[in-house]
2 protein chains.
Amino acid sequence: MRPPTIRDVAERAGVSKSLVSLVLRGSDQVRPEKREAVLRAARELGYRPNAAARSLSEQRTRTVGVLLNDLRNPWFVELLDGLNSLLHAGGLQTLLADARLNRRTGQDPADPLLDLRVDGLVVVGTLPGPAALGAVAERMPVVLAGAREPVPPGVDQVAGDDEQGARLVTEHLIGLGHRRIAHLAGYGAVGELRRRSFEATMRAHGLADRAVVETGDMTEEGGYRATVRLLSRPDRPTAVFAVNDITCVGALSAAEELGLRVPHDVSVVGYDNTSISRLRHLWLTTVDNAGHEVGRRAARFLLDRFERPGGEGRVHLAAPTLEIRGTTARPF
Amino acid sequence: MRPPTIRDVAERAGVSKSLVSLVLRGSDQVRPEKREAVLRAARELGYRPNAAARSLSEQRTRTVGVLLNDLRNPWFVELLDGLNSLLHAGGLQTLLADARLNRRTGQDPADPLLDLRVDGLVVVGTLPGPAALGAVAERMPVVLAGAREPVPPGVDQVAGDDEQGARLVTEHLIGLGHRRIAHLAGYGAVGELRRRSFEATMRAHGLADRAVVETGDMTEEGGYRATVRLLSRPDRPTAVFAVNDITCVGALSAAEELGLRVPHDVSVVGYDNTSISRLRHLWLTTVDNAGHEVGRRAARFLLDRFERPGGEGRVHLAAPTLEIRGTTARPF
DNA sequence: GACAGGTTCTGGAACGGTCCAAAAAGGGGC
DNA sequence: GCCCCTTTTTGGACCGTTCCAGAACCTGTC
């Protein structure tokens, strides 16, 4: 009653197990009638290869582990899509693990993937334990996707170009005629990069002294509170650039509650082009992070390293695009 | 340079591989000093057990496959959380596979999980190919979670109680004083159940002739259009119960665009308690599906079947709760 | 000091594949 | 029909574990 093995197939087809193995791996060194017999037997028995046995013998799993940092953030879905398309073409499976779900259990979230001996690892989002990753990278290709962090040697990195994205936003606002522009900053490497680029762009346009930065916590609540502070100032900004969409939604609520109309009285911009920003009720102007391209590039890096292991860690920044929707307009 | 095996550990500790195996599986039939030596050797070598070898030998993987139907719908995250907490306590790993991502590749999305010989399968959301599932269910425990569908024999089923949820909403609205109530219906088993229950509840309160049903497509756009139609009627309803949150957001936009204030002029209710409904800018009254409880119960069913395989498929409906927020009030 | 009975430890056979060296079969040419 | 060469097929070792039967080692008793 156990699943059929290659030996069951061999017996039914009247050949040796080695020949079955040969056929199933697509060898052309097999006479057509035998091949047919084997394939028929396999079909009739409903044979499925045992991945464990195969990877034990082959010393590889043809599987790439994807370590997600938090399933609740849906921005990675496009990334996965891009990643999968290329990896699958290369004959590789992907296996998902959610760091957040496994963290509470105390162990390193990558452990299950490592025990499975995945051939490579894609870490999506912020790193779990950077130290542990270094040891892993010595054993298999590792790519960090969708985040900008200091990374152990030999680890590739792919992410959206936050500097360019923040510049696109800032120049869009300046181009519309805004001068007094606020930024709701976030934390971490990403928050840092976006803020810096906002400030640099303002400076480049001679608006350094009109730039305001309020620090939030990348939540709706934080965006709301920071915006209330901002818009209550006597010299209130005419535009607010939020570090992400969710913060931007908070800003939107604040503006509305203060009786300001968006985008008539104040423009707001988000970042990430999440599904929230696409709700017609919000319709946020935002930045698309080119998640698909990030995923594809991560796959490319991984495949490259399978062919030529070792070498320096590379970095690729995907070009983001501005999604102009309903929350930005000329001032007044 | 290959990862250390149990034999490397044995050699370093000066014992046999069998003893190492014994120690690592936590046997108490081992003298403390040997145990110490083995553990030290394992630690020093950075030994990690090879999951493939282990599952080949043990004939089980201690792993449960979770087949997600679409990663883009975040409603399953809580379910996973509940599932994981119990499974992990039972010494089981979970492995995620996204049906939508793998579908394009042509093969059955469950295949990778089956090749890995997972010990059980949780299908989250709508079924992939119901036929294929039947064959799978003969080999391993299968639970369908978070969806209501006809299911092959021997498959357990856990989901939120849609009838009860729809009744909670309808009675909440009636209790507030609403009489002319509309329902924006969806499709599929879930859409059907919610609509039926809405109608039944209205009937039970003698309001059968005040109930209106518009059919949407479970998207924001569909909700928007259906609501425009509804609210332009001369006898416009004072409350709208949408089949899900996203449809409800569409309804909100429509109301706003028609110059109606929510909840003053019209109440709206969603379903699913998604993160969208919690945005303070929307703050939808909605129904929480008890995802955590659904996940826990699915794990329970699975664990039961590991202990006593076979038997009829069971069904459990988790009790939903009403989340009253800002979009419902007394009429006028 | 031999023996019984328990505790600890070990070698070897699985598990289900892949891969390799060698065996068997086939095909010409004489 | 025999020999040689190529194509096709096969048995067996191996991958890293677990598990089992039995070996080796204690400890206490007579």
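Lettering of chains follows the sequences in order, A, B, ..., and the numbering in each one begins at 1.
- In terms of heavy atoms, B/Ala147 sits closest to B/Gln157 at O-OE1, 3.4 Å.
- Shown for residues 33-46 of chain B: residues whose heavy atoms fall under 4.0 angstrom of DNA chain C, namely B/Lys34.
- Take B/Asn50 and apply the side chain to side chain donor-acceptor pair (under 3.5 Å) test, not counting sequence neighbours, and it matches no residue.
- Annotation: side chain to side chain contact (heavy atoms under 4.5 Å, CB included) contacts of B/Arg54 (sequence neighbours excluded): B/Pro49, B/Glu58.
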Walk along nucleotides 15-22 of chain C from 5' to 3' and tag each nucleotide B, S or - by protein heavy-atom contact under 4.0 Å, base first, then sugar-phosphate.
BBBBB---

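- For the side-chain contact (heavy atoms from CB on, under 4.5 Å) criterion with B/Val151, the lone passing option out of B/Leu144, B/Val142, B/Asp156 is B/Leu144.
- Between B/Leu19 atom CG and C/dG12 atom P there is a gap of 17 Å when expressed in whole angstrom units.
- Applying the side chain to side chain contact (heavy atoms under 4.5 Å, CB included) rule to A/Val124 yields the partners A/Val66, A/Leu68, A/Trp75, A/Phe76, A/Leu79, A/Val122; only residues at least two apart in sequence or on another chain are considered.
- By the side chain to side chain contact (heavy atoms under 4.5 Å, CB included) test, A/Asp111 is found to be paired with A/Gln107, A/Asp108, A/Leu114, B/Arg48, residues two or more places apart in sequence or in another chain being considered.
- Residues meeting the side chain to side chain contact (heavy atoms under 4.5 Å, CB included) test with A/Glu78, sequence neighbours left out: A/His292, B/Arg72.
- Direction of the helix axis in the helix from C/dG1-D/dC30 to C/dC30-D/dG1 shifts by 60° between the two five-pair termini, rounded to 10°.
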Give the table of side-chain donor-acceptor pairs shorter than 3.5 Å for residues 20-28 of chain B, with sequence neighbours excluded, one pair per line with atom names and distance.
{"residue": "B/Ser21", "atom": "OG", "partner": "B/Arg25", "partner atom": "NE", "Å": "3.2"}
{"residue": "B/Ser21", "atom": "OG", "partner": "B/Arg25", "partner atom": "NH2", "Å": "3.0"}
{"residue": "B/Arg25", "atom": "NE", "partner": "B/Ser21", "partner atom": "O", "Å": "3.3"}
{"residue": "B/Ser27", "atom": "OG", "partner": "B/Gln29", "partner atom": "N", "Å": "2.9"}

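- With sequence neighbours left out, the side chain to side chain donor-acceptor pair (under 3.5 Å) criterion links B/Glu44 to B/Arg12.
- For A/Arg31, the side chain to side chain donor-acceptor pair (under 3.5 Å) partners two or more places apart in sequence, or in a different chain, are A/Glu33.
- Note that the first and last nucleotides of DNA chain D, 5' to 3', having any atom under 4.0 angstrom from a heavy atom of chain B are D/dG16 to D/dC19.
- Of all heavy-atom pairs spanning A/Thr61 and A/Val118, the tightest one is OG1-CA, 3.4 Å.
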